[in-house]
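Here is the structure we will look at.
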Amino acid sequence: MSEQIRVGLDERSYTIHVGSRLLERTGALVAQFAHGLVPVVTDRHVAQFHLEPVAASLRAAGLNPEPIVLEPGEGTKRFAELERLLDTLLDSGLDREGFIVALGGGVIGDIAGFAAAVLKRGISWAQVPTTLLAQVDSSVGGKTAINTRQGKNLVGVFHQPRIVIADIDVLRTLPRRELLSGYAEIAKYGALGDAEFFAWLEVCANAALAGGAEKRLYMVARSCRMKAEIVGRDERESGERALLNLGHTFAHALEAATGYSDRLLHGEAVAIGMVLAFRLSAELGLAPASDCERLKRHLSAVSLPVGLADVPGERPDAETLIGHMMQDKKAKDGKLTFILARGLGRAFIAPDVPIGAVRAVLTA
Ligand SMILES: NC(=O)c1ccc[n+]([C@@H]2O[C@H](COP(=O)([O-])OP(=O)(O)OC[C@H]3O[C@@H](n4cnc5c(N)ncnc54)[C@H](O)[C@@H]3O)[C@@H](O)[C@H]2O)c1
Ligand SMILES: [Zn+2]
């Protein structure tokens, strides 16, 4: 059971494979791109469950896998770790025709992809995403980055992989909270541009999240297809790709206000952020308030947080959040750009949103 989705980017085009029992086919799928030594960059959690099947399949394809196991967590996406990873890769004797496999969530995809981009001015790589977030979002589109003390993802490049292998079976070992956090990005695709998908999710999401393989495959593949299409039209985010940031201006402020801690995972922040973006749209008379309620009801139904009151601990303060948003947007002439919506499935880029309306939504 698998589906293939093409990311159309001329000579940088590639295929996303989504399905069951794909890890054991990794070797066969990457054999056309790789030869000899194949470093497999992963983290300790993922290695524990999923490294061996990947390594075995690479060996079966006549390749020589070399695991490089990093510490799990966002803290790994930093210069010191990148340097160490590049050192290890160079010491392994990887040449310009080398090929690496990134096996893990968004953290591993981002740092291993960045390493592949700069090593010998760019080598080929495969993404084998193991979180729901990575399968539907971070593994598609070629963005790679690390964090600096100034903020998240501030140093990075675009470097498309040669292939993406998203095995939905690996999600079985993913903690429930991480699964739900990734689901927020799936709901996002429906909310921003596909009302029919959103309606399907309202009926089927809980079954898909509970492990129903057919529905899970459908949900992941449809999300990948939507991101792939948007990336195919706007690889460098000069326009349409920005729609993928629905809920993210609020989410980034919430993540900053909660110190990027376990208090709020990225997808949880995105869930709250999407509801706020729809409320802001309603406040500005752009979208019916009933669509905001519908979004909120759905996210609640899958047990995602939907409002500032759902953030554990002290409720984030409106002025602090606005401060973070202003800082985030300084690069854009001091104007607040939001992704707003005219209704479910109808998001658009609003470049000049009055701060008063944002404040009203945050203090409501
Ligand atoms: N490049 C992009 O376009 C893009 C897009 C969105 C997010 N991101 C980045 O992605 C990162 C977040 O990614 P994430 O949410 O996947 O987090 P993550 O990579 O930190 O993974 C979350 C946790 O799950 C564990 N894990 C991963 N797969 C597992 C599995 N199958 N079973 C058990 N445990 C597993 C990891 O070890 C980690 O502890 C952030 O750094 C973000 O900036 C990048
Ligand atoms: Zn996101």
Side-chain angles (χ1 to χ4, degrees), residues 7 22-23 41-51 53-54 69-78 81 102-114 116-117 127-148 151-161 164 166-189 191-192 223-224 227-228 230-231 235-237 241-252 254-255 260 262 264-274 277 339:
V7 186
L22 289 178
L23 280 196
V41 183
T42 188
D43 76 30
R44 196 163 37 72
H45 294 154
V46 178
Q48 192 186 327
F49 299 113
H50 306 297
L51 177 60
V54 170
V69 183
L70 308 181
E71 272 307 294
E74 190 68 30
T76 289
K77 271 176 58 174
R78 61 188 158 99
E81 286 296 325
L103 171 70
V107 164
I108 290 299
D110 275 9
I111 189 168
F114 192 17
Q127 288 246 47
V128 184
T130 63
T131 63
L132 188 55
L133 179 129
Q135 296 195 344
V136 300
D137 189 357
S138 63
S139 69
V140 185
K143 281 189 183 176
T144 75
I146 55 169
N147 308 322
T148 68
K152 276 197 62 172
N153 299 325
L154 292 180
V155 176
V157 293
F158 285 90
H159 186 50
Q160 302 291 344
V164 178
D167 185 337
I168 58 169
D169 299 340
V170 304
L171 301 175
R172 282 191 202 131
T173 59
L174 191 65
R176 175 85 186 160
R177 193 174 168 205
E178 293 288 349
L179 188 76
L180 286 180
S181 175
Y183 176 77
E185 305 282 0
I186 295 181
K188 182 189 79 180
Y189 293 116
L192 81 88
S223 299
C224 284
K227 182 159 183 188
I230 291 173
V231 166
E235 184 183 13
R236 298 279 167 143
E237 199 168 317
R241 187 167 178 170
L243 294 178
L244 298 171
N245 295 328
L246 173 65
H248 279 62
T249 301
F250 287 115
H252 291 152
L254 281 164
E255 289 181 280
Y260 298 96
D262 271 0
L264 205 59
L265 299 182
H266 175 69
E268 295 168 343
V270 169
I272 297 171
M274 286 193 290
I339 308 303

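In listed order, ligands and their atoms are each counted from 1. Along the sequence shown, residues are numbered consecutively beginning with 1.
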Of D110, T144, I146, which meets side chain to side chain contact (heavy atoms under 4.5 Å, CB included) against N153?
-> D110
K77, H266, H50: member with heavy atom nearest to atom 42 (C) of ligand 1 = K77
Those atoms of ligand 1 less than 4.0 Å from some heavy atom in N153 = 43 (O)
Should one rank S138, G109, G105 by closest heavy-atom distance to atom 2 (C) of ligand 1, which comes out on top?
-> S138
Proximal ligand 1 atoms for V46, defined as those under 4.0 Å from one of its heavy atoms | 26 (N), 27 (C), 28 (N), 29 (C)
Ligand-side contact atoms (ligand 1) for residue partner D43, heavy atom cut-off under 4.0 Å | 36 (C), 37 (O)
For ligand 1, which atoms, with element, lie under 4.0 Å from some heavy atom of E74?
-> 40 (C), 41 (O)
Answer yes or no: is there a side-chain heavy-atom contact under 4.5 Å between V54 and T42?
-> no
Considering D110, V270, V231, which one's heavy-atom position lies nearest to atom 44 (C) of ligand 1?
-> D110
Quick one: which of T173, D167, V107 has a heavy atom closest to atom 18 (P) of ligand 1?
-> V107
Could you list which atoms of ligand 1 come closer than 4.0 Å to a heavy atom of K152?
-> 40 (C), 42 (C), 43 (O)
Can you pull out the closest protein heavy atom to atom 38 (C) of ligand 1? Residue, atom name and distance to 0.1 Å, please.
-> H45 ND1, 4.0 Å
Within 6.0 Å of CZ in R172, more than 12 heavy atoms from elsewhere | no
Tell me whether D137 has at least one N, O or S atom under 2.8 Å from the Zn ion (ligand 2).
-> no
Give, rounded to 10 degrees, the angle between OE2 (E185) and NE2 (H248) as seen from the Zn ion (ligand 2).
-> 120°
Nearest-neighbour protein heavy atom for atom 28 (N) of ligand 1, which is reported as residue plus atom name and distance = T130 OG1, 2.8 Å
Atom OG1 in T148, atom CZ in R78: separation rounded to 0.5 Å?
-> 13.0 Å
Should one rank I108, L133, L265 by closest heavy-atom distance to atom 12 (C) of ligand 1, which comes out on top?
-> L133
Check ligand 1 against T131 and write out every atom of the ligand that is under 4.0 Å from a heavy-atom position of the residue.
-> 14 (P), 16 (O), 21 (O), 27 (C), 28 (N)
Let me see the working for L132 and E178 under side-chain contact (heavy atoms from CB on, under 4.5 Å), right down to the final yes or no.
-> CA-CA 8 Å; L132 188 55; E178 293 288 349; over 6 Å; no
Rounded distance (nearest 0.5 Å) linking atom CD of Q135 with atom OG of S223 | 10.5 Å
Decide whether H50 and T130 meet the rule of one side-chain donor and one side-chain acceptor closer than 3.5 Å.
-> no
Identity and separation of the nearest protein heavy atom to atom 24 (O) of ligand 1 = L174 CD1, 3.9 Å
Can you pull out the closest protein heavy atom to atom 10 (O) of ligand 1? Residue, atom name and distance to 0.1 Å, please.
-> G106 CA, 3.2 Å
Report, in ascending order of atom number, the atoms of ligand 1 lying under 4.0 Å from any heavy atom of E178.
-> 22 (C), 23 (C)
